[in-house]
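This report refers to the structure that appears directly beneath it.
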Amino acid sequence: MSDTQQPNHVFILMGVSGSGKSAVATGVARELGAAFLDGDFLHPRANIKKMASGHALNDDDRQPWLKALNDAIFAMQRTNHISLLVCSALKKSYRDILRDGSQNLSFLYMRGDFDLIESRLKARKGHFQKSQMLISQFEALEEPTADEQDVHAIDIKANLDEVIKNTIKTINCITKENS
């Protein structure tokens with residue numbers, strides 16, 4: 001397939017840890033028969049070892065990973081009508097690397113406030129001890145602005161089924177606009 005004849009679209013579900021990216025992507029993939037990739041699976045060995053030893057990744061560590069995700073986006077656009085990629089994409093510079101050279105790419109920003117996400121993490125894990133990690137995620141987050149027209153906010157206040165439905169509606173609107 002040539003690059004110019006592709007109606008295929010990749011949607012990156014982005015947001016802080018605990019915003020429901022994976023849960024929403026799983027539900028949407030099931031409903032739409034879409035391809036689904038968790039971006040964490042493409043971290044290079046050095047990143048995995050660094051994180052496993054309790055150290056946070058820096059921007060330099062993320063560069064090869066983001067480039068691998070960009071390559072995955074290119075491949076997914078060539079093979080699947082709708083593909084979903086889960087990646088926090090907290091900074092605009094990360095989103096720029098992901099969008100480099102890609103058409104038919106949109107970000108679905110799983111937007112929620114700190115208190116909502118913290119309460120869901122506490123409920124999900126029984127005893128939430130990583131509030132410092134969530135704080136650092138919010139500190140690193142560069143919320144998309146109006147100049148990033150390929151980013152669509154999904155309000156995560158509703159229950160998971162409603163968020164999945166709203167995400168599917170957004171995907172359907174975007175894919176109809178682009179066809």
Side-chain angles (χ1 to χ4, degrees), residues 1-17 19-51 56-111 137-154 156 164 166-179:
M1 169 185 286
S2 78
D3 293 339
T4 58
Q5 68 186 105
Q6 59 176 337
N8 302 331
H9 206 103
V10 175
F11 295 90
I12 299 175
L13 284 83
M14 63 163 285
V16 299
S17 180
S19 62
K21 300 179 299 287
S22 294
V24 172
T26 299
V28 170
R30 188 176 327 122
E31 289 291 317
L32 298 181
F36 168 47
L37 174 65
D38 186 326
D40 284 344
F41 293 155
L42 295 182
H43 271 293
R45 184 182 313 254
N47 286 7
I48 294 168
K49 287 182 175 184
K50 185 173 183 177
M51 290 184 290
L57 299 179
N58 60 40
D59 285 352
D60 289 337
D61 296 326
R62 288 187 179 89
Q63 291 302 310
W65 173 63
L66 291 165
K67 288 178 180 166
L69 291 175
N70 181 273
D71 287 341
I73 291 165
F74 178 79
M76 294 168 92
Q77 285 178 329
R78 296 178 57 77
T79 57
N80 302 297
H81 178 60
I82 294 176
S83 297
L84 308 170
L85 173 66
V86 171
C87 172
S88 57
L90 296 179
K91 295 184 179 183
K92 183 180 184 302
S93 63
Y94 302 168
R95 296 188 291 273
D96 289 342
I97 292 169
L98 295 172
R99 50 171 78 95
D100 184 40
S102 295
Q103 297 175 329
N104 298 329
L105 174 71
S106 298
F107 293 84
L108 302 173
Y109 171 34
M110 302 289 112
R111 185 170 60 195
Q137 289 264 301
F138 272 94
E139 287 172 349
L141 175 63
E142 295 174 3
E143 282 215 291
T145 60
D147 68 317
E148 291 184 88
Q149 295 183 7
D150 58 352
V151 180
H152 306 269
I154 306 291
I156 64 166
I164 290 169
N166 292 336
T167 302
I168 290 170
K169 285 179 191 174
T170 301
I171 288 171
N172 287 337
C173 286
I174 293 167
T175 55
K176 284 178 184 158
E177 288 172 10
N178 294 336
S179 59

**Request:** Tell me, with the steps shown, if Leu105 and Ile73 meet side chain to side chain contact (heavy atoms under 4.5 Å, CB included).
**Result:** CA-CA 8 Å; Leu105 174 71; Ile73 291 165; 4.0 Å; yes
Taking the side chain as every heavy atom from C-beta outward, state whether [X] and [Y] have any pair of such atoms under 4.5 Å apart.
X	Y	value
Val16	Leu90	yes
Ser83	Leu37	no
Ile164	Arg30	no
Asn47	Lys50	no
Met14	Pro144	yes
Val10	Asn104	no

Please name the pair of heavy atoms, one in [X] and one in [Y], separated by the smallest distance, quoted to 0.1 Å.
X	Y	value
Leu42	Ala72	CD1-CB, 3.8 Å
Ile156	Ser19	CD1-O, 3.6 Å
Ala75	Thr79	O-OG1, 3.1 Å

Nearest 0.5 Å, please: how far is [atom2] in [Y] from [atom1] in [X]?
X	Y	atom1	atom2	value
Asn70	Tyr94	CG	OH	15.5 Å
Ser22	Phe36	OG	CZ	5.0 Å
Asn166	Ile154	CG	CD1	7.0 Å
Ile82	Glu31	CD1	CD	12.0 Å
Cys87	Asp40	SG	CG	8.0 Å
His9	Ile174	NE2	CD1	5.5 Å

**Request:** Could you check Leu32, Thr170, Ile171, Val86 and say which one makes a side-chain contact (heavy atoms from CB on, under 4.5 Å) with Phe11?
**Result:**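 Running side-chain contact (heavy atoms from CB on, under 4.5 Å) over Leu32, Thr170, Ile171, Val86 with Phe11 returns exactly one hit, Ile171.
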**Tyr109 versus Glu143, side-chain donor and acceptor atoms under 3.5 Å** =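 Yes, Tyr109 and Glu143 have a side-chain donor paired with an acceptor closer than 3.5 Å.
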**Prompt:** Are any of the side-chain nitrogens in Glu148 or Lys92 under 4.0 Å away from the carboxylate oxygens of its partner?
**Reply:**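 Judged by the 4.0 Å cut-off on N to carboxylate O distance, Glu148 and Lys92 do not form a salt bridge.
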**Item:** Main-chain N/O of Met110 paired to Lys21 side chain as donor or acceptor, under 3.5 Å
**Value:**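 Absent.
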**Asked** When you measure from the side chain of Arg62 to the backbone N and O of Leu57, does any donor-acceptor pair fall under 3.5 Å?
**Response**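 Yes.
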**Message:** If you apply the rule side chain to side chain contact (heavy atoms under 4.5 Å, CB included), what do you find for Arg95 with Ile12, and how did you get there?
**Reply:** CA-CA 9 Å; Arg95 296 188 291 273; Ile12 299 175; over 6 Å; no
**Flag if over 12 foreign heavy atoms under 6.0 Å of CZ, Arg111** =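 No, the 6.0 Å shell around CZ holds no more than 12 heavy atoms from other groups.
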